[in-house]
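One structure is given here, and the rest of the page talks about it.
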Amino acid sequence: MYRATELPPAPAPARRRTSRGGAPQTFPSSLRVEPLVQGDTSLGKLDDHVRDLSEAKPPRSWYVALVITSLAGLVGLASVGFMIYEGIGTMGNNVPVVWGFLIINFVFWVGIGHAGTLISVILYLFRQKWRNAISRTAEAVTVFAFVCAMMFPAVHVGRPWLPHWLFPYPNERGLWVNFRSPLIWDVFAVVTYFSVSVMFWYLGLIPDFASLRSRVKSRVKRAVFGFMSLGWVGNARQWLHYEKAYLLLAGLTTTLALSVHSIVSMDFASSMVPGWHMTIFPPYFVVGAAFSGFAGVVLVFAFIRTAMRLENYITERHMDLLNKTVLFLSCVMAYAYLMEGFTAWFSSNTFDRYIFANYVFGDQWWAGSLTIFFNCILPQLLWVPRFRRSVPIMVLVSAGVTLGMWLERYTIIVLSLHRDYLPATWGTYLPTPIDFAILLGSVGIFLTLLLLFLRKMPIIATWEVKSDIAHHQAHPSGGLEAEHA
Amino acid sequence: MLEPLFGVLALFPTADDLLKAIPEVKKRGFTKLEAYTPYPVHGIDEALDLPKSKLGVLVFLMASLGAISMFLFEWWTSTVSYPLLTAGKAYNGWPAWVPPMLEGTILVGTFTAALGMLFVFNRLPFFGNPMLRSKAIDRITREKFALVIRPGAGGLDTGGAIAALKAAGGEDIEVVQAPRYSKAGLAWWSKAIGAVGAACVVAGYGTAWVIRTFPTTRPMVEMEDQPRLDAQAADTFFASGRGMQLPPDGTVPRTFMPILAAGPGDGGKALMNPLPVTDSVLERGRTQFDIHCAVCHDRLGTGKAWLDSTYKAQPTDLQSSTVRDASDGYLYWVISRGFASMPAYAADISPDDRWAIIRYVRALQRSQDAPMRDVK
């Protein structure tokens with residue numbers, strides 16, 4: 001797909017060649033793309049690099065970062081504990097804004113979590129081989145973001161010690177859940193997404209655990225990795241079923257990835273609140289989730305790519321492609337915002353029109369305005385090819401998008417709820433320090449888990465990148481790697 | 001008993017070398033081949049004539065089963081087991097069941113794909129694989145490509161296999177032995193069952209000890225713990241020392257009119273039953289009688305109720321001629337003021353209910369001594 005945008009028109013159509021047999025042939029230089037692996041590398045060197053990352057003593061900065069993030073996480077957990085002990089009143093949400101920070105954070109983290117699935121699954125179905133090197137870490141981002149996301153509805157239900165009431169199970173009260181409620185759809189969607197993401201992640205890790213089990217020094221680690229690899233030996237028959245399972249999972253999980261944020265959006269869209277009751281919400285939320293997720297992944301890789309010496313495997317071209325995706329999704333978001341405004345205007349509904357104007361010109365005008373700035377205007381910098389490869393610019397844009405997508409959820413939830421149909425019920429919303437502490441804590445938990453993952457687990461799907469390296473070695477002059485997909 | 005020889009193994013530096021070697025080894029008559037690679041090599045399934053994976057069929061069946069069972073579950077809970085009316089919508093409004101159905105389908109489908117691949121098709125986890133004991137396995141998972149000639153029905157010509165692999169360009173040739181396994185015998189099973197049993201006993205007694213030793217605490221008291229005075233709680237704010245204040249003397253609740261009869265001598269003779277004899281009055285009387293009276297007087301009024309053996313006082317037989325002959329007013333007076341061991345019910349039963357009870361008692365009396373014309 002990217003070939004069309006990346007390559008100038010070919011002077012002559014290149015003959016396709018199959019992976020086996022066929023005479024080796026050269027391509028016109030205009031047809032060559034940057035290879036997906038660079039520098040002096042081989043199957044064994046990649047293996048060593050990934051092993052060293054999980055074996056060697058981490059640098060001092062890693063420990064400092066870990067202390068800071070885990071302290072932030074502890075502050076957040078302590079605030080959650082205080083909130084449960086003292087009551088929901090310690091947070092800012094109250095009538096009319098009954099969904100405050102907790103639901104904003106929930107939607108935000110679920111959105112961040114979409115990147116992993118989209119990268120590992122949808123790009124896999126589209127045969128985008130550049131996903132291979134980044135898929136593992138992106139999947140980790142998904143899993144950890146979901147750990148954070150699931151915390152919020154669990155503590156928002158009012159009685160967090162009864163979370164099992166969310167599930168339909170035979171009970172002595174003879175009650176069942178209400179399957180007509182979007183909130184119960186949400187429970188099913190989020191729990192399914194989390195368990196499938198964890199399983200997909202683990203499935204990809206099995207061959208890498210097999211590769212690590214004999215190369216780590218400590219006996220304990222060897223036993224753990226050996227057990228986690230389930231006795232994988234890389235038999236061709238095993239790979240046959242494995243790849244089939246991977247393809248089936250990719251197909252099924254694509255449906256899941258598109259459905260989860262649609263269902264989250266129905267929590268809003270199926271209500272009658274002005275600003276929520278719109279049919280555009282499901283696709284709009286899915287694009288927003290992908291957008292914030294890709295920005296989050298860019299942010300992670302911008303920091304670890306050089307710090308962990310991954311330049312040979314996560315090349316500038318990877319970052320370029322990720323940033324192009326961010327730019328594309330930013331344009332789709334801008335279209336969604338415009339359509340939202342158009343719908344409000346075209347409906348001739350006073351309240352819908354008022355709410356939309358209120359996003360940008362109301363008493364909290366900064367929320368809506370900054371959302372549009374960060375999500376639609378700032379990413380336009382990425383049209384410049386040089387900026388797509390510049391670390392400061394991509395950090396600026398991705399951090400802006402992450403913040404902008406959080407503000408978008410703030411706008412949707414707070415600014416819609418605080419202006420209802422009845423002006424008598426209008427109110428304001430002011431978050432409390434507890435709200436901010438819980439948000440900070442979720443960031444801390446996410447980063448703590450990510451830091452541990454980065455230094456303790458294989459952060460690159462070596463079995464996927466090894467096929468790229470093998471291809472690169474067979475065709476060092478570069479070529480159309482899509483041919484080998 | 002497994003074959004002691006697992007096979008003869010050779011390593012190849014690249015996937016292309018392996019793919020070229022397979023037909024050469026096959027030409028020499030070795031057909032039972034296995035390949036081990038660090039990543040999935042495309043084209044190897046055709047070279048080794050591996051059958052296509054049937055995982056898709058399994059996933060399709062299980063995902064369909066997931067969809068159907070999720071739909072039936074939602075239908076059963078929403079319309080049969082717990083029909084809940086929301087927003088005036090029909091109980092069997094199936095469109096709203098689609099999202100959970102979709103998620104259920106995907107959940108079952110994906111878990112079937114992953115676990116079916118691991119457990120059913122690949123028979124993992126399997127830590128007894130002879131390949132795991134070979135010298136080559138560490139290099140296979142790293143960067144090398146292995147071809148293994150397995151013994152057929154007639155065993156394996158080891159020398160010939162080594163020669164064939166060498167001719168095909170294989171390096172580091174290794175004869176992989178299969179370890180001998182002995183079947184788990186009676187001793188092993190008795191140990192295993194004994195260990196599980198011992199673990200159960202220890203866990204059970206441990207739990208019982210913890211529950212007995214430490215007082216049970218309720219981690220969450222819901223909304224019981226509130227800054228308010230409960231009905232019987234003491235409080236220093238009022239001089240009486242009570243949380244709840246007593247009503248002023250002479251206060252009566254609404255509808256609870258005090259009985260105006262002068263005293264025991266009067267016996268309420270002047271009072272008349274104000275209620276008519278209707279089904280609803282008798283029904284109300286029966287309810288109140290069963291709540292307040294039947295426990296001593298029996299549901300038929302015979303006075304032989306459940307309290308007989310332990311409760312020393314003898315409740316009055318309401319079927320007796322004394323009660324039959326007593327006026328409604330007198331019975332009302334007894335219910336209100338109490339009689340012998342029977343306490344006063346003026347505070348517990350409203351006046352209308354007392355009169356309804358009396359109507360019902362009269363009906364009970366007639367039911368136990370019905371004249372022939374009633375039966376007809």
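Numbers restart at 1 for each chain; the letters A, B, ... are given by sequence-line order, proteins then strands.
Taken to the nearest 0.5 Å, the CG atom of A:Leu203 stands 4.0 Å off from the CE atom of B:Met117. Note that the CG atom of A:Leu230 and the CZ atom of B:Phe127 stand 5.5 Å from one another [nearest 0.5 Å]. Considering CD of B:Glu143 and OG of A:Ser211, their distance stands at 10.0 Å, rounded to 0.5 Å. The distance from atom CG of A:Leu252 to atom CZ of B:Phe111, rounded to the nearest 0.5 Å, is 12.0 Å. Note that CH2 of A:Trp232 and CD1 of B:Ile137 are 11.0 Å apart. Values are rounded to the nearest 0.5 Å. Rounding to the nearest 0.5 Å places OG of B:Ser53 at 11.5 Å from CZ of A:Arg237.
Of the atoms belonging to A:Phe227, heavy atoms from both backbone and side chain fall under 4.5 Å from chain B. If you measure heavy-atom distances from B:Phe145 to chain A, the contacts under 4.5 Å come from the side chain alone. At a 4.5 Å heavy-atom cutoff, A:Arg51 makes no contact with chain B through either its backbone or its side chain. For B:Pro51, the part lying near chain A is the backbone, with the side chain staying farther off; criterion is any non-hydrogen pair under 4.5 Å. Of the atoms belonging to A:Leu256, heavy atoms from both backbone and side chain fall under 4.5 Å from chain B. For chain B, no part of A:Leu212 is nearby; none of its heavy atoms comes within less than 4.5 Å. Interface remark: B:Trp94 contributes no atoms to any contact with chain A (heavy atom separation under 4.5 Å). When heavy atoms are compared at a cutoff of 4.5 Å, A:Glu243 approaches chain B solely by way of its side chain, counted from C-beta outward. Interface remark: B:Leu48 contributes side-chain atoms only to the contact with chain A (heavy atom separation under 4.5 Å).
A centroid separation of less than 6.0 Å is found between the aromatic rings of A:Trp176 and B:Phe73.
Among all heavy-atom pairs drawn from B:Ala96 and A:Trp185, the shortest one is O-NE1, 3.0 Å. Residue A:Ala470 comes nearest to B:Tyr39 through the heavy atom pair CB-OH, 3.0 Å, listed as atom of the first residue, atom of the second, then distance. Nearest heavy-atom pair across A:Phe179 and B:Trp97 is CB-CD1, 3.8 Å. Closest approach of B:Ile44 to A:Ala236, counting heavy atoms only: CG2-CB, 3.9 Å. When all heavy atoms of B:Pro40 and A:Trp463 are compared, the pair lying nearest together is CD-CE3, 3.6 Å. Residues B:Asp138 and A:Ser214 approach most closely at OD1-CB, 2.8 Å, considering heavy atoms.
In this structure, the side chains of A:Phe188 and B:Met70 come closer than 4.5 Å at one or more pairs of heavy atoms. When side chains are defined from C-beta on, A:Val233 does not count as touching B:Ile140, because their heavy atoms never get closer than 4.5 Å. Within the 4.5 Å cutoff, side-chain heavy atoms of A:Ile206 are placed close to those of B:Leu118. You'll find the side chain of B:Val120 stays beyond 4.5 Å of the side chain of A:His241, heavy atoms only. The side-chain heavy atoms of B:Leu107 and A:Ser195, taken from C-beta on, include a pair separated by under 4.5 Å.
Listed options B:Ala63, B:Gly93, B:Pro125 were ranked by heavy-atom pairs under 4.5 angstrom with chain A; first place goes to B:Pro125. Among A:Leu175, A:Thr255, A:Ile263, the residue making the largest number of heavy-atom pairs under 4.5 Å with chain B is A:Leu175. For chain B, the option among A:Arg180, A:Lys244, A:Glu464 with the highest count of heavy-atom pairs below 4.5 Å is A:Arg180. Ranked by heavy-atom pairs shorter than 4.5 Å toward chain A, the options B:Lys89, B:Glu103, B:Lys52 are led by B:Glu103. For chain A, the option among B:Ala146, B:Ala113, B:Ser134, B:Pro100 with the highest count of heavy-atom pairs below 4.5 Å is B:Pro100. For chain A, the option among B:Leu50, B:Leu102, B:Thr77, B:Thr14 with the highest count of heavy-atom pairs below 4.5 Å is B:Thr77.
Under a cut-off of 6.0 angstrom, the local environment of CZ in B:Phe60 is sparse, with at most 12 non-hydrogen atoms contributed by other residues, nucleotides or ligands. More than 12 non-hydrogen atoms from other residues, nucleotides or ligands lie less than 6.0 angstrom from OH of A:Tyr169. Under a cut-off of 6.0 angstrom, the local environment of NZ in B:Lys135 is sparse, with at most 12 non-hydrogen atoms contributed by other residues, nucleotides or ligands.
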Step-by-step side chain to side chain contact (heavy atoms under 4.5 Å, CB included) determination, A:Arg213 to B:Leu132
CA-CA 11 Å; A:Arg213 76 184 156 211; B:Leu132 286 171; 3.3 Å; yes

Under the criterion salt bridge (charged side-chain N to carboxylate O under 4.0 Å, His left out), I'd like the reasoning laid out for A:Asp48 against B:Arg142: C-alpha separation, chi angles, the key distance, then a yes or no.
CA-CA 9 Å; A:Asp48 288 343; B:Arg142 183 180 162 89; 2.6 Å; yes

Between B:Thr141 and A:Arg215, does a side chain to side chain donor-acceptor pair (under 3.5 Å) hold up when you go through it step by step?
CA-CA 10 Å; B:Thr141 54; A:Arg215 276 182 267 296; 3.1 Å; yes

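Remark: of the listed residues B:Val59, B:Ile106, B:Thr110, B:Thr110 is the sole one forming a side-chain contact (heavy atoms from CB on, under 4.5 Å) with A:Leu249.
The backbone N or O of B:Val41 lies less than 3.5 Å from no partner atom in the side chain of A:Trp239, so there is not a single donor-acceptor pair.
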